[in-house]
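Quick notes on the structure that follows.
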Amino acid sequence: MTAYDGEHVTYQLTLVADETATDGIRMSYADETATDRMFGVLWHRHGMTRTGRPMWRLVNTLRQRRCMLRSLCQVCGKTAVDGDTGRIWWLLPEAPGRCPDGGWYTNTPPTCAACVPVARNHCPQLRKWSRLCTVSEAEPYGVVAEVFTPISGTLASVDAATELPLDAFRKLEMALAKQLVVSLDDLRPA
């Protein structure tokens with residue numbers, strides 16, 4: 001799910017009138033398409049070519065979201081669902097967040113059992129600390145997004161990476177989602 005420098009896509013953010021928005025305006029692309037929004041939020045554009053140099057600290061938004069929605073391994077892209085138990089393998093590089101209902105959430109995609117040793121061997125963060133778990137299901141919960149504010153008809157970034165639940169409608173209207181956050185049902189240590 002790593003982004004590559006050759007996958008950069010240029011775009012222009014703008015404000016558009018929207019009678020369904022809280023203040024009558026929302027953030028958009030100047031050339032927004034039907035695939036630019038999901039869960040009521042505008043998504044950062046990335047190419048999928050894997051050309052150029054890997055940018056290890058950046059996530060390709062499209063690959064990350066696809067792994068989360070389809071329970072795919074972030075390393076090999078194959079299913080992370082255990083064929084015997086039906087549970088999803090998850091290698092967490094940090095403790096998951098807590099949902100208001102007491103459940104857990106993360107923006108880290110699953111990792112299949114076969115790729116766990118590879119991931120731990122190649123990722124310095126995972127070598128420091130990681131927790132292998134399984135979950136029964138993962139459901140969209142929120143986004144990690146860059147939040148903007150309108151100032152004199154333009155947009156100014158006010159927070160480069162904040163977690164927003166999908167029910168934070170007002171904030172999502174001015175957010176550019178970069179990663180999907182999922183709730184982890186029946187989280188168990190593996």
Side-chain angles (χ1 to χ4, degrees), residues 1-3 7-48 55-72 74 88 90 92-110 125 133 135-187:
M1 71 171 191
T2 300
E7 295 176 324
H8 177 74
V9 175
T10 59
Y11 54 80
Q12 180 184 354
L13 294 173
T14 187
L15 292 168
V16 295
D18 183 344
E19 62 185 36
T20 65
T22 310
D23 295 323
I25 59 169
R26 67 174 167 78
M27 189 172 69
S28 177
Y29 288 122
D31 61 345
E32 185 173 330
T33 67
T35 59
D36 286 328
R37 280 188 193 278
M38 182 181 275
F39 307 116
V41 66
L42 188 66
W43 285 84
H44 178 73
R45 289 178 175 171
H46 260 131
M48 292 285 283
M55 301 167 68
W56 297 112
R57 294 203 175 265
L58 296 179
V59 170
N60 180 291
T61 300
L62 292 170
R63 283 194 289 274
Q64 188 267 358
R65 191 171 63 190
R66 184 182 66 197
C67 288
M68 296 295 241
L69 292 172
R70 296 181 184 171
S71 299
L72 301 177
Q74 65 175 308
I88 308 163
W90 232 281
L92 298 168
E94 58 191 29
R98 271 301 218 188
C99 300
D101 68 3
W104 303 97
Y105 70 85
T106 186
N107 64 318
T108 300
Q125 179 66 29
C133 303
V135 302
S136 62
E137 191 174 19
E139 300 174 26
Y141 172 75
V143 295
V144 174
E146 183 173 2
V147 178
F148 292 80
T149 190
I151 298 177
S152 303
T154 63
L155 289 158
S157 176
V158 293
D159 193 341
T162 189
E163 291 178 352
L164 298 172
L166 292 177
D167 62 2
F169 305 114
R170 179 183 216 120
K171 289 182 180 178
L172 290 176
E173 292 167 356
M174 295 294 168
L176 184 62
K178 297 187 176 181
Q179 295 181 48
L180 182 61
V181 175
V182 295
S183 62
L184 304 171
D185 296 341
D186 192 22
L187 177 72

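Both backbone and side-chain heavy atoms feed into the values below; hydrogens, waters and symmetry mates do not. These figures come from a predicted structure and were not determined experimentally.
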Spacing of [X] atom [atom1] and [Y] atom [atom2] [to the nearest 0.5 Å]:
| X | Y | atom1 | atom2 | answer |
| --- | --- | --- | --- | --- |
| His8 | Leu58 | NE2 | CG | 11.5 Å |
| Leu166 | Glu139 | CG | CD | 11.0 Å |
| Gln12 | Ser28 | CD | OG | 10.5 Å |
| Asp18 | Glu173 | CG | CD | 7.0 Å |
| Ile88 | Leu184 | CD1 | CG | 8.5 Å |

### Query
Between the side chains of Asn107 and Glu163, is a donor N or O closer than 3.5 angstrom to an acceptor N or O?
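Their side chains do not contain a donor-acceptor pair, so the 3.5 Å distance test is not met.
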#### Entry: Donor on one side chain, acceptor on other, Gln179 and Thr61, under 3.5 Å
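Judged by distance alone, the side chains do not pair up.
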Under 4.5 Å between any side-chain heavy atoms of [X] and [Y], yes or no?
| X | Y | result |
| --- | --- | --- |
| Pro110 | Leu72 | no |
| Met48 | Asn60 | yes |
| Leu15 | Ile25 | yes |
| Met27 | Leu176 | yes |
| Val158 | Met174 | no |
| Leu172 | Leu164 | yes |

### Query
Yes or no on side chain to side chain contact (heavy atoms under 4.5 Å, CB included) for Val9 and His46, after CA distance, side-chain angles and deciding distance?
CA-CA 6 Å; Val9 175; His46 260 131; 5.5 Å; no
### Query
Are Arg65 and Leu62 close enough, and set up right, to give a side chain to side chain contact (heavy atoms under 4.5 Å, CB included), and what steps lead you there?
CA-CA 5 Å; Arg65 191 171 63 190; Leu62 292 170; 3.4 Å; yes
[X] side-chain N/O to [Y] backbone N/O, donor-acceptor pair under 3.5 Å:
| X | Y | result |
| --- | --- | --- |
| Trp90 | Thr108 | yes |
| Trp104 | Leu187 | no |
| Gln74 | Pro109 | yes |

### Query
So does Glu19 pair up with Arg26, basic N to acidic O under 4.0 Å?
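No, this pair does not count.
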### Message
How close do Val182 and Met68 get, counting heavy atoms only, and between which atoms?
### Response
CG2-CE, 3.7 Å
### Query
Would Leu180 and Leu69 satisfy side chain to side chain contact (heavy atoms under 4.5 Å, CB included), going step by step from the backbone distance to the final call?
CA-CA 9 Å; Leu180 182 61; Leu69 292 172; 3.6 Å; yes
### Query
Using the ring of each side chain (for Trp, its six-membered ring), is Tyr141 parallel, tilted or perpendicular to Tyr105, with breaks at 30° and 60°?
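Parallel: the ring planes of Tyr141 and Tyr105 meet at under 30°.
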### Query
Does Arg45 make a cation-pi contact with Tyr29 (under 6.0 Å, within 45 degrees of the axis)?
yes
Could you pull out every donor-acceptor pair under 3.5 Å between side chains of residues 143-156 and any protein atom, sequence neighbours left out?
residue : atom : partner : partner atom : Å
Glu146  : OE1  : Lys178  : NZ           : 3.1
Glu146  : OE2  : Ser157  : OG           : 2.7
Thr154  : OG1  : Ile151  : O            : 2.8

